[in-house]
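To keep things clear, I will list the structure first and then write my remarks on it.
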Amino acid sequence: MSVTAIALVPARAGSKRVPGKNQRTLADHPLLAYTVTAALESGVFASVVVSTDSEQIAEIARYYGAETPLLRPRELAEDLSPDIEWVEHVLLALRTQGHEYDAFSILRATNPFRQAATIRRAWAEFLDERGVDSLRAVERCKQHPGKMWVVRGRRMQPLLPVQPEVQPWHSTPYQALPEIYVQSAALEIAWSRVVWQGHTIAGTTIMPFFMSETESVDINDPTDWARAERYAATPGTLPMISKTPFSGSAS
């Protein structure tokens with residue numbers, strides 16, 4: 001039995017730390033273009049849909065081949081708006097139009113170095129794993145939480161209260177600490193039932209997906225953008241885009 005999946009690309013207009021981030025040019029193309037291109041070229045998805053509150057961003061999305069069946073309401077595009085709200089908004093709108101998908105993937109425009117081959121690998125691993133609700137990209141922590149502290153006035157306590165008594169983690173070499181992973185924003189896949197049954201984008205049983213450090217680069221502030229420009233200068237790091245760079249009203 002074939003399994004249908006949809007790629008959901010969030011790209012709201014309200015970025016404050018890097019204004020206009022999603023339509024800002026990185027190596028000739030708008031940032032959004034790289035995620036749309038990778039999703040389309042992966043061949044995994046029946047549809048690639050960009051969720052945005054901006055008609056300018058929607059214009060860019062359509063130029064590079066994505067669908068924008070509806071604009072996201074402003075109240076679902078605030079700084080603190082949870083993902084489940086806009087995901088439900090898109091999936092419900094498509095359901096009312098007769099379009100349903102077994103699974104969905106959230107591919108954020110702020111991770112431009114994610115390749116089509118990586119998406120295919122994630123999809124294959126997800127389908128091969130039984131009994132999971134979702135897959136989420138992770139990478140090993142560079143700053144181990146076993147060495148983190150909560151400071152209250154002139155005293156502090158370990159962030160992780162349960163530690164070995166003889167040699168606590170804050171006094172243990174990094175190499176001897178348990179491996180701890182932090183989630184990456186680069187790639188998520190879940191069965192659509194987790195949205196309808198549990199009002200969540202991940203469910204409760206989540207499998208890891210390991211990505212390279214470059215592909216996991218997430219652009220959230222000017223320092224991240226500068227790092228992305230350095231990475232982009234190396235051929236092959238960004239998905240290859242064959243289209244002429246976007247030159248519409250939002251360029």
Side-chain angles (χ1 to χ4, degrees), residues 1-15 20-23 30-112 114 116 119 122-123 126-127 132-137 185-204 206 246 248-250:
M1 182 181 68
S2 62
V3 177
T4 59
I6 182 174
L8 302 177
V9 182
R12 67 188 185 92
S15 175
K21 174 172 57 180
N22 289 309
Q23 62 261 52
L31 184 66
L32 173 63
Y34 297 103
T35 290
V36 169
T37 297
L40 290 169
E41 291 188 352
S42 73
V44 167
F45 307 109
S47 297
V48 176
V49 170
V50 170
S51 172
T52 182
D53 56 329
S54 163
E55 180 52 47
Q56 289 183 325
I57 293 177
E59 182 184 356
I60 294 171
R62 291 190 293 269
Y63 177 81
Y64 286 97
E67 301 171 40
T68 56
L70 71 169
L71 287 181
R72 192 193 307 187
R74 293 286 181 180
E75 62 271 20
L76 304 185
E78 302 295 335
D79 289 345
L80 301 180
S81 297
D83 286 326
I84 184 59
E85 291 185 351
W86 67 262
V87 169
E88 276 188 334
H89 175 254
V90 174
L91 293 182
L92 183 58
L94 293 172
R95 173 186 266 189
T96 60
Q97 297 172 12
H99 305 297
E100 292 218 46
Y101 304 89
D102 299 308
F104 66 92
S105 178
I106 299 177
L107 302 172
R108 302 178 196 277
T110 49
N111 299 91
R114 178 205 315 100
I119 298 172
W123 180 240
F126 180 65
L127 292 181
V132 299
D133 295 323
S134 65
L135 169 151
R136 186 182 290 264
L187 195 154
E188 299 164 60
I189 303 174
W191 296 110
S192 297
R193 58 175 169 77
V194 304
V195 173
W196 309 126
Q197 298 173 6
H199 187 63
T200 172
I201 62 168
T204 56
I206 306 168
F246 179 78
S249 58

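A quick note: this is a predicted structure, and the numbers were derived from the prediction, not measured.
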- Note on the structure: From the list V194, L8, I84, D133, side chain to side chain contact (heavy atoms under 4.5 Å, CB included) partner of I201 resolves to I84
- Message: So which atom in A202 and which in R136 form the shortest heavy-atom distance, rounded to 0.1 Å?
- Response: CB-NH2, 3.7 Å
- Message: Please find the pair of heavy atoms, one from L70 and one from A93, that lie closest to each other, and give the distance.
- Response: CD1-CB, 3.6 Å
- Nearest heavy-atom approach of T68 to R62 is OG1-NH1, 2.7 Å
- Mind listing the closest non-hydrogen atom pair of I6 and F45 along with its distance? C-CD2, 3.6 Å
- If you measure from the Lys or Arg side-chain nitrogens to the Asp or Glu carboxylate oxygens, is any gap between D53 and R74 under 4.0 Å? yes
- Message: Main chain of G203, side chain of S134: is a donor-acceptor contact present, judged purely on distance under 3.5 Å?
- Response: no
- Rounded distance (nearest 0.5 Å) linking atom CD of Q23 with atom CZ of F246: 9.5 Å
- Item | Over all atoms of both residues, closest heavy-atom pair of L31 and A109 | CG-O, 3.4 Å
- Item | Any side-chain heavy-atom pair of W123 and S42 under 4.5 Å | no
- Could you tell me whether R108 and E188 make a salt bridge, using a distance below 4.0 angstrom between a side-chain N and a carboxylate O? yes
- So OG of S2 and CG of D102: to nearest 0.5 Å the spacing works out to 7.5 Å
- Query: Going from OG1 on T37 to CZ on R114, what distance comes out if it is rounded to the nearest 0.5 angstrom?
  - Reply: 11.0 Å
- Would you check if S47 and H99 make a side-chain contact, meaning some heavy-atom pair closer than 4.5 Å? no
- Item | Flag, side chain of S81 to backbone of E78, donor-acceptor distance under 3.5 Å | yes
- Query: Can you tell me how far the CZ atom of R72 sits from the OG atom of S54, to the nearest 0.5 Å?
  - Reply: 11.0 Å
- Message: Within the structure provided, determine whether P10 and D83 are in side-chain contact (heavy-atom separation under 4.5 Å).
- Response: no
- Is T35 reaching over with its side chain to a backbone N or O of L32, donor-acceptor style, under 3.5 angstrom? no
- Message: Is there a side-chain contact between P69 and V49 in this structure, where contact means two heavy atoms from C-beta onward sitting under 4.5 Å apart?
- Response: yes
- Working for side-chain contact (heavy atoms from CB on, under 4.5 Å), residues N111 and L187: CA-CA 9 Å; N111 299 91; L187 195 154; over 6 Å; no
- Task: In sequence, state the C-alpha distance, the side-chain angles, and the governing distance for Y64 and Y34, and then conclude on side-chain contact (heavy atoms from CB on, under 4.5 Å).
- Result: CA-CA 9 Å; Y64 286 97; Y34 297 103; over 6 Å; no
- Message: Please check this pair: side chain of T4 against backbone of Y101, looking for a donor-acceptor N/O pair closer than 3.5 Å.
- Response: no
- Closest contact, heavy atoms only, T52 versus R12: OG1-CA, 4.2 Å
- Note on the structure: Value for OG (S51) from CG (L76), rounded to nearest 0.5 Å, stands at 8.0 Å
- Message: To the nearest 0.5 Å, what is the distance between CD1 on I119 and CD1 on I189?
- Response: 8.5 Å
- Query: Can we say E88 and R95 salt-bridge, meaning some charged N sits less than 4.0 Å from an Asp/Glu carboxylate O?
  - Reply: no
- When you look at V87 and L91, which way does the side-chain contact (heavy atoms from CB on, under 4.5 Å) test go after all the steps? CA-CA 6 Å; V87 169; L91 293 182; 3.9 Å; yes
